[in-house]
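To start, the structure under review is shown below, and the notes come after it.
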Protein chains: 2
Amino acid sequence: MRIGLDVFGGDFAPLASVKGAILAFSSLAADDKLVLIGDAEQIKKICKDEGFDAGNFEIVHTTECIGMGEHPAKAYASKPNSSISLGVHMLKKHEIDGFASAGSTGAMMVGAMHTINSVPGVIRPAIMASIPRISGNPVVLLDVGINPDTRPDILYQYGLLGSIYGECIFNYKNPKVGLLNIGEEEEKGNLAAKAAYQAMNGTKEYNFIGNVEATEMFDEKADVIVADGFVGNVMLKQAEAFYTLVRRRKITDEFFERFNFEHFGGTPVLGINQPLIIGHGRSNEIPIKNMILHTRDVVKTKICEKIKEAFSKD
Amino acid sequence: MRIGLDVFGGDFAPLASVKGAILAFSSLAADDKLVLIGDAEQIKKICKDEGFDAGNFEIVHTTECIGMGEHPAKAYASKPNSSISLGVHMLKKHEIDGFASAGSTGAMMVGAMHTINSVPGVIRPAIMASIPRISGNPVVLLDVGINPDTRPDILYQYGLLGSIYGECIFNYKNPKVGLLNIGEEEEKGNLAAKAAYQAMNGTKEYNFIGNVEATEMFDEKADVIVADGFVGNVMLKQAEAFYTLVRRRKITDEFFERFNFEHFGGTPVLGINQPLIIGHGRSNEIPIKNMILHTRDVVKTKICEKIKEAFSKD
């Protein structure tokens, strides 16, 4: 397996990227190859400083990168040698099996939607977050931000995308899919949630268990929670805010520590043809390492193939 | 001032209602009167058991009540002698100055919308929650559940309703009103949020400070956060879920204890003509006491009059 990493991605690049790659290296199999896309001189220098043999990596040299302030679509198109454009196109040409970046989310999304493209049948791809639960098994929340206005048929599909992700990454058998709502009864909610409930109820494509309220999000009720991108994003950010409060109150607790975003390895864009993983901009070497290993898992478990298969049945 | 209390309201009624009224009694002024609407025999019995003189209360006797499982509109109309119907109509006739119940939220809302009625100019009334902040001053979040599908002009009005509430109850001078969104920039969000931003931006009616993300909800950025009823309800319930986690992890912390719903004294229906306060169904005597004192504050600070005045300027 060949995993591409955008060395320019993230606030602490390139140092955090290369250090994260070094950390990930020891967890990879002998035939896994990390392909670092960035400035070869910088990469070799950091490896040397870290006492690590840069020959363990394959390096694709470029000095061009897309800044966080740039217009994503314009920068992606006008900078074909930027690390993100290069990585996405290498993925497209199957020169790598997965590509990860903690850089411009907008540019990564442009690459996802216009170079890699949606799986036929998927109306709108989604991004997800793993939310810790007391049991130890996280709940898969999606969408957490791509689509702030979401139609019921899109919510319906999120159930299938989340279900496949839960099976592949967390090994959940027939994961329980819940629809985020403001009441348990099917007549509750906004117009989109009410219509989505009707679409999901009785589906044979996944295990729909009904509405889930935010009070139940950390329970065992659902393994996958479907929400529109506005609400999902708010929930993820509120969880971050609560973790910050826990830290500010100087509470040390093993469970709450799992809300530290450093443990998240980014999110694949679910519903596109190939594994493209978006990391957190604030990533230091630990989340970069986790993002690389997450990319490995997404490739290994063939999520994209399983999504294609599921949607070709429709 | 005369405050009406539904003695049948809540899961632990009538015991919790009467005990809560006894607790509230000592905090009320000499000329404040608590009017208990419920079974006179039961009320007197509980007072006697508690060693409290029932003569301190005024009792409006009824044995009829609206159950939590009943259809709110049908029950409200067909049971004119139920404690909720009686209380709302006493309020309407100015026989009491405020009415509070931890009973059927649906029936209370029917009373609010069809007997007390909206203030002219208010498109849709809202309910709120006080969310604790590190600083000690809570943030006012609204709407937390009446209107799950909310138009931009309604979101605009929530800013004014929340601002008046913040001024009256928390004594905030020119409270900072933020629009809940998934990004700081004005072009972020779903269709309703984007249009609401444009309506709120530059308003002279209140102090709009722009978009607020959920990561910032516990900060000092905004004193009032405006959200649609779906998202607001999810945020409130997620805060409850997090408090439950804190308890389950056996963490004792003075700040997190403020997330205990027992400290909340219910919510007035903001934007109707008179003070009608809805409490939490699970209320024991402490939240009942707080709901009574909150009703007192809502009456005393003349929130309804201030809302009428603000909307008559339009």
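In what follows, every chain begins at residue 1, and chains take the letters A, B, ... in the order their sequences are listed. Bear in mind the structure is a predicted one, so any value in this text is a computation, not a measurement.
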State, yes or no, whether a side-chain contact exists between B:F230 and A:F230 at a heavy-atom distance under 4.5 Å. no
Return the orientation label for the A:F242 and B:F218 ring planes: parallel under 30°, perpendicular over 60°, tilted otherwise. perpendicular
Check against side-chain contact (heavy atoms from CB on, under 4.5 Å), B:V234 and A:V234: CA-CA 9 Å; B:V234 168; A:V234 167; 6.0 Å; no
Could you show, one pair per line, the donor-acceptor contacts under 3.5 Å between chain B and chain A?
residue: B:D149; atom: OD1; partner: A:L191; partner atom: N; Å: 3.3
residue: B:D149; atom: OD2; partner: A:L191; partner atom: N; Å: 2.8
residue: B:I182; atom: O; partner: A:K237; partner atom: NZ; Å: 3.0
residue: B:L191; atom: N; partner: A:D149; partner atom: OD1; Å: 3.4
residue: B:L191; atom: N; partner: A:D149; partner atom: OD2; Å: 2.8
residue: B:E213; atom: OE1; partner: A:K237; partner atom: NZ; Å: 2.3
residue: B:M235; atom: O; partner: A:Q238; partner atom: NE2; Å: 3.0
residue: B:K237; atom: NZ; partner: A:I182; partner atom: O; Å: 3.0
residue: B:K237; atom: NZ; partner: A:E213; partner atom: OE1; Å: 2.3
residue: B:Q238; atom: NE2; partner: A:M235; partner atom: O; Å: 3.0
residue: B:R249; atom: NE; partner: A:D253; partner atom: OD1; Å: 3.1
residue: B:R249; atom: NE; partner: A:D253; partner atom: OD2; Å: 3.0
residue: B:R249; atom: NH2; partner: A:D253; partner atom: OD1; Å: 3.4
residue: B:D253; atom: OD1; partner: A:R249; partner atom: NE; Å: 3.1
residue: B:D253; atom: OD1; partner: A:R249; partner atom: NH2; Å: 3.4
residue: B:D253; atom: OD2; partner: A:R249; partner atom: NE; Å: 3.0

For A:A241 and B:A214, the nearest pair of non-hydrogen atoms, with its separation, is CB-O, 3.4 Å
Can you see which heavy atom on B:G189 is nearest to which on A:P148, and at what distance? O-CG, 3.6 Å
Using heavy-atom distances under 4.5 Å, tell me whether B:A239 contacts chain A through its side chain, its backbone, both, or neither.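 Looking at B:A239, backbone and side chain both touch chain A.
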side-chain contact (heavy atoms from CB on, under 4.5 Å) partners for A:V246, two or more places apart: A:I251, A:F256, B:F256
Let's test your reading of the structure: which of A:L180, A:L191, A:I182 forms the most heavy-atom pairs below 4.5 Å with chain B?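 Option with the top pair count is A:I182.
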